[in-house]
Amino acid sequence: MPRSKPDTVTTVLARGRLGIPSVVFFVIAAAAPLTVIAGGATTGYAVTGVTGIPVSYLVVAAVLALFAVGYVAMSRRIVNAGAFYTYVTYGLGRPAGVAAAMVALLAYNAMQIGLYGGFGAVLAQFLRSRYGWDITWWLCALIAWAFVAVLGLLRIDLNGKVLAVMLVAECAVALVFDAVMLGHPASGTVAFDTLAPSHIFAAGIGAALVTAITGFVGFEGTVVFSEETKDPRRTVPRATYIAVALTGLLYGLSAWAMSVATGPDRIVDAARADGTDLIFNLVSPHLGTSVVTIGRILFITSLFAALLSFHHTVARYLFALGRERVLPAALGRTSRRTGAPKVGSIIQSLVAVVVLVGYAAANADPIVHLFFWVTVTGGLGVLALMTVTSAAVVSFFARIRHGEGPWRAAVAPLIATIALTAILVVTLQEFDTLLGVHPYSPLRWLFPAAYAIVALIGAIWALILRAARPDVYSAIGLGPESATASLRNPSIVRQPA
């Protein structure tokens, strides 16, 4: 009996729903400014003990801007919700592409699910301190899970409007808090110690850099939503550059402002003592209670916005793989009513709830063991993906005729590949510092090893498809054209290797 294929009506995401502002809102919402500032930066200070967190954000922003040059140049030729998976396929071949897809699924699921720990703990603490309600973190996380599960099945442009309102408000509050902290320096004068370039060469910089990269995860999602934009060739590049610039400047400014308010020599101790409350405790003496409360609420909504955005990203990766039948074809179907990848959305929700129940049953610390450990591990996976993708861009343009010029097609991607490789190597060497565990702890290798294992599984699966299902193998990376490969015009873009 022939295998069923997704019909052409439901294998295409809803077209023309997103413009530049909507895509920017989605990807910066995934980066979640207040989540990074109040949660990621402070926890990074506390766990790693590194004071160079602010300069790390700026260094990473510069490297990612270089990465984006080749990334968006490739997006002009390949429009596919598979993003990293598709680009690696076209640049380095189908086995490497499927391996990258497996790494992406693990990394983005880690980012999304880890955020439930932060959301649950922060909301539970807020309800306890504000209203005296004693609610466990996992109950708050499950409430958020239910909302994300429902919103994930709705029209994506409606979700974009929700994220837009949240994002503008939290960025405004972050800037107000930064102004207050810089206006009240601990030593009486504004210190720039934590922005010193010397931190780039200090011990523990790998931990600081991957903490910073975790804050940017989501900016590459501009390509994930490319099929749903009104003009991919214009929207994706502009949205990518805007997202990198805005988040990089805001993160660097805010992490530095916190060190100014505590004093550069006390920022680590203050972060360890106050945790995610640090930024709010620093501004409370100088702002009205209502403003600080609004900030706390927006921190919670920031976490929720990131949860929703990463949920969409995972669902679209599953959709891309299902549409090409690398994974079960059912994943490649979208809702006829909303255009959302419904099966992928449901599966991501199921995976998330299973992990949440497991962490709750183990009575694990939701901030350290779920929020920080799992999200920075997700950041490690995305760092590896960006490194391989940057190399794939160089390979892709070296094999085709193009008019991009040497800077976009070779120089910038090559520099980005070298820089990202260096960051990846240093991060792996210092992963124990990142987790805050003993150098001989098996955890320092267990998390990174998970990516090597799933990548190997992906590559082997691609080779199995090549031998057993050559029709599926030949369609890997074709995206919307996979269901009608026989009608494809080969002059549009070079086929994957």
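The side-chain heavy atoms of Phe304 and Leu151, taken from C-beta on, include a pair separated by under 4.5 Å. At a threshold of 4.5 Å between non-hydrogen side-chain atoms, the residues Ile213 and Val382 do not count as touching. Residues Phe431 and Ser441 form no side-chain contact, since every pair of their non-hydrogen atoms from C-beta on lies 4.5 Å or further apart. Put simply, the side chain of Thr211 does not reach to within 4.5 Å of the side chain of Ser56, judged on heavy atoms. Between Thr51 and Asp265, every side-chain heavy-atom pair lies at or beyond the 4.5 Å cut-off. The closest side-chain heavy-atom distance from Val376 to Val47 is not below 4.5 Å. For the pair Leu318/Leu105, a side-chain contact is recorded, criterion being any heavy-atom separation below 4.5 Å from C-beta on. Asp274 places none of its side-chain heavy atoms less than 4.5 Å from the side chain of Phe280.
Shown here for Pro448 and Leu428, the closest heavy-atom pair between the two residues is CB-CD2, 3.8 Å. The nearest pair of heavy atoms linking Gly44 to Ile53 is C-CD1, 4.3 Å. Here the shortest heavy-atom pairing between Trp145 and Ala352 reads CD1-CB, 4.0 Å. Nearest heavy-atom pair, Ala101 versus Tyr85, reported as atom, atom and distance to 0.1 Å: CB-CD1, 3.6 Å. Residue Ala68 comes nearest to Thr240 through the heavy atom pair CB-CG2, 3.8 Å, listed as atom of the first residue, atom of the second, then distance. Nearest heavy-atom pair across Ala149 and Ser345 is O-OG, 4.5 Å.
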Kindly list each side-chain donor-acceptor pair under 3.5 angstrom involving residues 186-202, sequence neighbours excluded, with atom names and distances?
from	atom 1	to	atom 2	distance (Å)
Ser187	OG	Thr189	O	3.0
Thr194	OG1	Ser259	OG	2.8
His199	NE2	Asp193	O	2.9

Would you tabulate the side-chain donor-acceptor contacts of residues 408-423 under 3.5 Å, counting partners in other chains and residues two or more places apart, or write 'none'?
from	atom 1	to	atom 2	distance (Å)
Arg408	NH1	Glu404	OE1	3.3
Thr417	OG1	Ser390	OG	2.9
Thr417	OG1	Ala391	N	3.3
Thr417	OG1	Pro413	O	2.7
Thr421	OG1	Thr417	O	2.7

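Within the model, atoms CZ of Arg272 and OG1 of Thr42 stand 12.5 Å from one another, a figure rounded to the nearest 0.5 Å. Here the NE2-CD distance, from His312 to Gln112, works out to 10.5 Å after rounding to the nearest 0.5 Å. Here the CG atom belonging to Leu64 is positioned 9.0 Å from the CG atom belonging to Leu383, to the nearest 0.5 angstrom. Summarising the geometry, atom CZ belonging to Phe147 is positioned 12.0 Å from atom CG belonging to Leu308; distances are rounded to the nearest 0.5 Å. To the nearest 0.5 angstrom, Ile135 atom CD1 is 12.0 Å from Gln125 atom CD. Rounded to the nearest 0.5 angstrom, Tyr116 OH and Tyr359 OH are separated by 14.5 Å.
Around CZ of Arg266, the count of heavy atoms belonging to other residues, nucleotides or ligands within 6.0 Å does not exceed 12.
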* Glu170/Ile37 under side-chain contact (heavy atoms from CB on, under 4.5 Å): CA gap, chis, key distance, verdict -> CA-CA 11 Å; Glu170 67 179 275; Ile37 295 164; over 6 Å; no
* Verify ring-ring contact (aromatic ring centres under 6.0 Å, His included) between Tyr71 and Tyr241, making sure each step is shown before the conclusion. => CA-CA 11 Å; Tyr71 187 65; Tyr241 289 124; over 10 Å; no
* I would like to know whether Ile367 and Phe372 meet side-chain contact (heavy atoms from CB on, under 4.5 Å); could you show each step before the answer? => CA-CA 6 Å; Ile367 291 293; Phe372 191 73; 5.5 Å; no
* To do: Under the side-chain contact (heavy atoms from CB on, under 4.5 Å) rule, what do Thr375 and Val217 come out as? Steps first, then yes or no, please.
  => CA-CA 10 Å; Thr375 56; Val217 173; over 6 Å; no
* Let me see the working for Ile143 and Leu123 under side-chain contact (heavy atoms from CB on, under 4.5 Å), right down to the final yes or no. => CA-CA 11 Å; Ile143 292 172; Leu123 179 57; 6.0 Å; no
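With sequence neighbours excluded, the residues that form a side chain to side chain contact (heavy atoms under 4.5 Å, CB included) with Trp138 are Thr136, Leu142, Ala360.
Under the 3.5 Å distance criterion, the side-chain polar atoms of Trp137 are left unmatched by any main-chain donor or acceptor of Gly117. For the pair Ser302 (side chain) and Leu298 (backbone), a donor-acceptor distance under 3.5 Å is absent. In this structure a side-chain-to-backbone donor-acceptor pair under 3.5 Å is present from Thr35 to Leu303. Remark: the backbone N or O of Gly206 is paired with a side-chain donor or acceptor of Glu430 at under 3.5 angstrom. Remark: the backbone N or O of Thr433 is not paired with any side-chain donor or acceptor of Arg444 at under 3.5 angstrom.
With Tyr317 as reference, Tyr108 is the one residue of Tyr108, Phe84, Phe310 to meet the ring-ring contact (aromatic ring centres under 6.0 Å, His included) rule.
Ring centroid separation for the pair Tyr251 and Phe216 comes in under the 6.0 Å cut-off.
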